[in-house]
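Just follow the structure's listing: the first ligand is 1, and inside any ligand the first atom is 1. Predicted, not measured: the structure shown is a model, and the values here were computed from it. Along the sequence shown, residues are numbered consecutively beginning with 1.
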Amino acid sequence: MKTVKEASPDNSSTTALGESARVLAPSDGMTPFEAATFFFHQSADRLGLRDDMREVLSTTYRELAVQVPLRMDDGRMVVLRGYRIQHNGARGPYKGGVRYHESADLDEVRALAALMTWKNALIDVPFGGAKGGVQCEPGLLSRGELERLTRRFTDMISYIIGVTRDIPAPDMGTNAQVMAWMMDAYGKKNGYSPGIVTGKPVELGGSPGREEATGRGVVICAREVAKRKAVNFEGARVVIQGFGNVGYWTAKLGAEMGVTVVGVSDVGGGVYNDKGLDLVALEGHLEDSLSLADFSGAESVTNEELLELECDILIPAAVHGVINTGNAGDIKAPIIVEAANGPTTPAADEMLNERGVTIVPDILANAGGVTVSYFEWVQNIQHFTWDVDQVNLQLEKRMTRATDEVFAAAAGGQSLRRAAFDISVKRVAHAAELRGYV
Ligand code: GLU
């Protein structure tokens, strides 16, 4: 196992997109999978895991890499790379999203699959961990191109997914419409199977409350941690990096629950207002503009500056590796809630722990999405629908229970991430042992 200091840059990608992926992901010398596995190995050391179990849990169960030929609207054919990676299935069918992003290469999808195993175990849904990805820039594709890409990718991975085998869901660059196409493509061969994907449109068997579930879970976690750190949640000053599905709903629901959102950003840059951003005006602005950065009701800031703003709670809700040794010393927030997957590198995590910053780890903070995915899957299997109040109540219960468990495990003084990994690794190892994997 590498220590933080020994890790060497080994991000050599063989695809034409590898270059931009490296720029997008400052990683303190670790690839995303190395970073995710680093936290696992630390936990395996603390738990005294046997070597054979360590081997099973630090590697992936199955990796499918596929060619995704896509006919563009202008007649050209481009060939993209797609992946579906199943990390561990000891606790149930594999579960995790599908990401359309230029950095979604084999290593990143592997990392995300492993994080799903730990997340699902921590929030205690009966799933293993998986993730999918197609390395592309979805913003440059037309609706028709996206649909063809999705149908082709679904056909290519259809051999290993299934309602009781592996259930995809949305992630960065995908949404309910993409899930509708996936369900349709899969159903054409296998018959009507709404439980094959979660995060579908409600009209097609999706669950009410799923779209905002990750953001709602982030806000619940932020509220719970604020309570324990004697920060008044009502009026707490919050900064959010990323304004996709998760960042948007975190801001909206956070504001409804009384926080003051002082800064937000998207890929083009961010905006800051010391007195709180007018989120309704900001939403209106985004109807006519593609970028947050030119919103007139606030000062503009770069993404780097945004992370270093004075605030009570910082919420990275974009890509991995954004909190690294380059900026960890300058982060002023006393609380970080990781809405993104893998936003903090292991080296930065150590620096922030030493400085006494409280970090709510990704596998807890962003588990609300997969939790409501579980509710959606259950509803699909039972052909019985829940109302949104029941969904939100059950989500609230599971998020607060997992948060309580993590705080209890951290009572001896270790970080919340270490406590969370210890709980998850113990649960997965126990399930693997019971099944007789090792
Ligand atoms: N993509 C989301 C995540 O990273 C949700 C996964 C799911 O619902 O299966 O947790």
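Comment: Glu396 does not engage Arg216 in a salt bridge, judged by the lack of any side-chain N to carboxylate O separation of less than 4.0 angstrom. Here Arg46 pairs with Asp422 in a salt bridge; the nearest charged N to carboxylate O distance falls below 4.0 Å. Between Asp155 and Arg151 there is no salt bridge, since no side-chain nitrogen of the basic residue lies less than 4.0 Å from a carboxylate oxygen of the acidic one.
Contact residues for ligand 1 (protein heavy atom closer than 4.0 angstrom to any ligand atom): Lys95, Gly96, Gly97, Met116, Lys119, Lys131, Ala169, Pro170, Asp171, Arg210, Asn341, Gly369, Val370, Ser373.
For the pair Arg228 and Phe407, the cation-pi test (distance below 6.0 Å, angle within 45°) is passed.
Between Phe127 and Trp377, the distance from one ring center to the other falls under 6.0 angstrom.
A heavy-atom distance below 4.5 Å is not found between the side chains of Ser207 and Trp386.
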